[in-house]
Amino acid sequence: MDREAPPDDARAELTCAVQTLIEPVTSRFSEGRARVRLGVNTAIHDDTAAELEAFARPLWGLAPLAAGGQAVPHAELWVEGLAHGSDPAHPEYWGEPVDRDQRIVEMAAIGFALALAPEQWWDPLSGPERDRLARWLLSALPRETSDNNWLFFPVLVGLGLDRVAVPYDRSLITSRLDRLETFWLGDGWYADGPTERRDYYVPWAMHFYGLLHDTLTGGDRFKERAARFAGDFRHWFADDGAAVPYGRSLTYRWAQAAFWGALPFAGVDVLPWGEVKGYLLRHLRWWQGRPVTGPDGLLSIGYGYPQPALAEQYNAPGSPYWSLKAYLPLALPAQHAFWTAKEEPAPALPAVSAQQHAGAVLMRASGDVTLLAGRQHHPWVRHGAEKYAKFAYSTRFGFSLPSGTVGLEQGAYDSMLALSDDGGTHYRVRDKPAAHYVTADTVLSTWHPWPDVEITTWLTAAAPWHTRTHRIRSARALHTAEGGFAVDRDAGTDRETGPAYARVSAPAGLTALHDLDGRREGEVIDCLPGTNVLARRTALPMLVGQLPPGEHWLRCAVLGAPDGSEAEAAWREPPTTAHPTTGDRT
């Protein structure tokens, strides 16, 4: 522990967190120390790559410790593993990377460690061991990567090789940096490749790696871009530090705040250090006490609790240790202004922030944040529709994943409009917006659950409410179910329903749903059967009232708020706005 830590002890707090997270991992090393076996691998890559991942990812936290002059617990395990894992003659050899290989991802973590603290990870190796490690890292440079943030991984390997004076073909790095330039959108934003994705891979990958590159090479291009991004990104965090749960790789958890740690590392003082420090520390503290580890102390796959269903195809047991990227400020000395600054609360922010590049409107009420989404999609990842294309994502309520494909109970369609053309057996939801538009307070998207069904959806911020207007043009009869937020039913709920509304309150919060058109024949507003998702069902198979072919309009208002007197008063007075663009419904 660093005895020169400032009085608020934030540096010691982060140091302790890294040590606590790493300790359970150390008992899982293989005999040759090159593999770390944290559990059964169910990812799409092979077991060797998965065990390399679990070996390498702790370095995202250990390398800053070393660079900051602090003792690295069990450092000898990683030194021995680097020697054996890169040795083709050793039984625990990691293997040669091929194109788009998971090994390239983990080689980047090793390059990062060499770049930050070669005296910890390189100097203890013998001459032949250094040669083998260098040869193995060099083998990644000519390999093809995925055309997205992966392009930074050879760049990070190159930074490590530069630090230990290993020559290589620099054109292999320049070409990656040139391609990354094509993903720059302006105004602080990147796309994660030639896609519509502008999720947490912007802050924890594109900006994070760019800031590493500039800091270690003396550049400023990526620093200037990160400074522009900071103003938008702070809207993604609630007053208590929670970040909006949105997009893929949520099992990386507090890597969501890695950007705030990368700013001081790179010396980007676009915001006061006390404010930046507050964003990082509040987020890390929000995670404290949440059941994200098992009885063995290892990080689990999931988000707020272990949930394997949240995993992407590429998530192996070691994947969650990507979260250690948040501890990058430990590379700074205790006297750095980031550590000595007083932690400050976030300044008052506008209630609504329209973010064109993200295709989102973020609204803030009672300290919570709700993101209204209308642009992004990623059908390849498991539950891509749920991770990107729901209407609303809340720091208070989280979101649900379907447990199956049959009926409303298995679908659990919170913050979605689900439509069925077979009497309510199977439902479709928005998974890929065909068009989108963002105004000062509204996100518009057009989507097609079937080729002959076109839905245009307007999502309008009216904090603490948001309104939803759907224009449905259909050549077929449909049953619909529209979900509001999901609440924690395990702690007990209080429900009330009326002619065209329902509200559910629980310790986690209060949510309400009002049908702004009034109840239709056959409509029910309550929790979906077998779920904790508040919803309105505008047509049910056991009742008359299904939507016939033709054009139909559906409008509702959804409230999400902390449970309490203010929310109890607010839910009875929903906004009454009509069509958000024309003032009528023609």
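In this pair, Tyr388 and His378 present their aromatic rings perpendicular. The plane angle is above 60°, beyond the 30 to 60° band. Between Trp60 and Phe208, the angle of the ring planes goes over 60°, which puts this pair in the perpendicular group of the 30/60° scheme. Classified by interplanar angle (parallel below 30°, tilted 30° to 60°, perpendicular above 60°), the ring pair Tyr314/Trp380 is parallel. Using cut-offs of 30° and 60° on the angle between ring planes, the pair Tyr246 and Trp236 is perpendicular. Using cut-offs of 30° and 60° on the angle between ring planes, the pair Trp94 and Phe55 is tilted. Taking the six-membered ring where tryptophan is involved, the planes of Tyr279 and Phe237 are tilted, since the angle between them lies from 30° to 60°.
Under a 3.5 Å cut-off, the side chain of Glu312 and the backbone N or O of Ser249 do form a donor-acceptor pair. Although no hydrogens or angles enter the test, the distance criterion places a donor-acceptor pair under 3.5 Å between the side chain of Arg290 and the main chain of Trp286. With hydrogens and angles disregarded, no donor-acceptor distance shorter than 3.5 Å links the side chain of Thr395 to the backbone of Val244. The closest donor-acceptor contact from the side chain of Asp187 to the backbone of Trp189 lies at 3.5 Å or more, if one exists at all. A donor-acceptor contact shorter than 3.5 Å links the side chain of Arg253 to the backbone of Tyr303. Listed for the Lys223 side chain is a donor-acceptor partner under 3.5 Å among the backbone atoms of Ala266. Put simply, the side chain of Thr251 gets close to the backbone of Gly302: a donor and an acceptor are under 3.5 Å apart. Without hydrogens or angle criteria, Arg33 side chain to Leu77 main chain gives no donor-acceptor distance under 3.5 Å. Not one N or O on the side chain of Arg364 forms a donor-acceptor pair closer than 3.5 Å with the backbone of Ala238. Looking at Arg198, its side chain does come within 3.5 Å of a backbone N or O of Thr195 through a donor-acceptor pair.
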Check against side-chain contact (heavy atoms from CB on, under 4.5 Å), Leu211 and Phe265: CA-CA 8 Å; Leu211 290 173; Phe265 175 80; 5.8 Å; no
Test side-chain contact (heavy atoms from CB on, under 4.5 Å) applied to His377 and Arg197, step by step: CA-CA 7 Å; His377 54 86; Arg197 294 192 302 278; over 6 Å; no
Steps toward side-chain contact (heavy atoms from CB on, under 4.5 Å) verdict (His383, Leu401): CA-CA 7 Å; His383 301 302; Leu401 300 174; 3.7 Å; yes
Pair Gln355-Ser353, side chain to side chain donor-acceptor pair (under 3.5 Å): steps then yes or no: CA-CA 6 Å; Gln355 301 192 358; Ser353 173; 3.2 Å; yes
side-chain contact (heavy atoms from CB on, under 4.5 Å) assessment of Thr370 paired with Leu362: CA-CA 6 Å; Thr370 300; Leu362 292 102; over 6 Å; no
ring-ring contact (aromatic ring centres under 6.0 Å, His included) between Tyr190 and His207, intermediate numbers included: CA-CA 9 Å; Tyr190 288 91; His207 280 302; 5.2 Å; yes
Salt bridge (Lys or Arg N to Asp or Glu O under 4.0 Å) between Arg28 and Glu51, intermediate numbers included: CA-CA 10 Å; Arg28 301 303 185 98; Glu51 292 167 1; over 6 Å; no
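Salt-bridge formation is not detected for the pair Arg225/Asp214: no Lys NZ or Arg NE/NH1/NH2 atom is positioned less than 4.0 Å from an Asp or Glu carboxylate oxygen.
Side-chain atoms of Ser319 and Glu53 include a donor-acceptor pair closer than 3.5 Å. A donor-acceptor pair shorter than 3.5 Å cannot be found between the side chains of Tyr393 and Lys387. For the residue pair Arg130 / Ser86, no side-chain donor-acceptor distance below 3.5 Å is found, with atom types taken as modelled. Between Arg248 and Tyr200, the side chains place no donor N or O within less than 3.5 Å of an acceptor N or O (distance only, hydrogens not considered). Between Glu23 and Gln19, the side chains place no donor N or O within less than 3.5 Å of an acceptor N or O (distance only, hydrogens not considered). The closest side-chain donor-acceptor pair between Thr15 and Gln70 falls under 3.5 angstrom.
Looking only at side-chain heavy atoms (C-beta outward), Val164 and Asp123 stay at 4.5 Å or farther from each other. Contact check for Pro329 versus Leu280: side-chain heavy atoms found under the 4.5 Å cut-off. Inter-residue side-chain proximity for Thr145 and Pro154 is flagged as met; some heavy-atom pair is nearer than 4.5 Å. With contacts defined as side-chain heavy-atom distances shorter than 4.5 Å, the pair Leu298/Thr293 does not qualify. Within the 4.5 Å cutoff, the side chain of Pro317 has no heavy atoms near those of the Val40 side chain. Counting only heavy atoms from C-beta outward, the side chains of Pro194 and Asp147 approach each other to under 4.5 Å. Contact of the Leu324 side chain with the Arg57 side chain is not registered, since no non-hydrogen atoms from C-beta on lie closer than 4.5 Å. The closest side-chain heavy-atom distance from Phe391 to Asp414 is not below 4.5 Å.
Ring to ring, Phe29 and Trp78 are close: their centroids are under 6.0 angstrom apart. A distance below 6.0 Å separates the ring centres of Tyr252 and Trp204.
Atom-to-atom distance recorded for Glu343:CD and Arg282:CZ is 6.0 Å, nearest 0.5 angstrom. Within the model, atoms CH2 of Trp339 and NZ of Lys277 stand 7.0 Å from one another, a figure rounded to the nearest 0.5 Å. One finds the OG atom of Ser175 at 12.0 Å from the CZ atom of Arg170 (value rounded to the nearest 0.5 Å). Leu281 contributes atom CG, which lies 4.5 Å from atom CZ of Arg285 (distance to the nearest 0.5 angstrom). For the atom pair CG of Asn149 and CG of Asp192, the computed distance is 4.5 Å after rounding to the nearest 0.5 Å. If you take CG on Leu216 and CG on Leu159, they are separated by 5.5 Å, rounding to the nearest 0.5 Å.
Taking all atoms of both residues into account, the shortest heavy-atom contact from Ala242 to Asp240 is N-OD1, 3.1 Å. Heavy-atom minimum distance, Val352 versus Ala461: CG2-CB, 3.9 Å. Across Pro291 and Gly304, no two heavy atoms sit closer than the pair CD-O, 3.5 Å. Of all the heavy atoms in Glu275 and Leu271, the pair that sits closest is OE2-CD1, 3.8 Å. Residues Pro124 and Trp121 share a closest heavy-atom pair of CD-C, 4.0 Å. Among all heavy-atom pairs drawn from Leu185 and His357, the shortest one is O-CE1, 3.5 Å.
Applying the side chain to side chain contact (heavy atoms under 4.5 Å, CB included) rule to Ala50 yields the partners Asn41, His45, Ala316; only residues at least two apart in sequence or on another chain are considered. Among residues two or more places apart in sequence or in another chain, the salt bridge (charged side-chain N to carboxylate O under 4.0 Å, His left out) test is passed with Asp269 by none.
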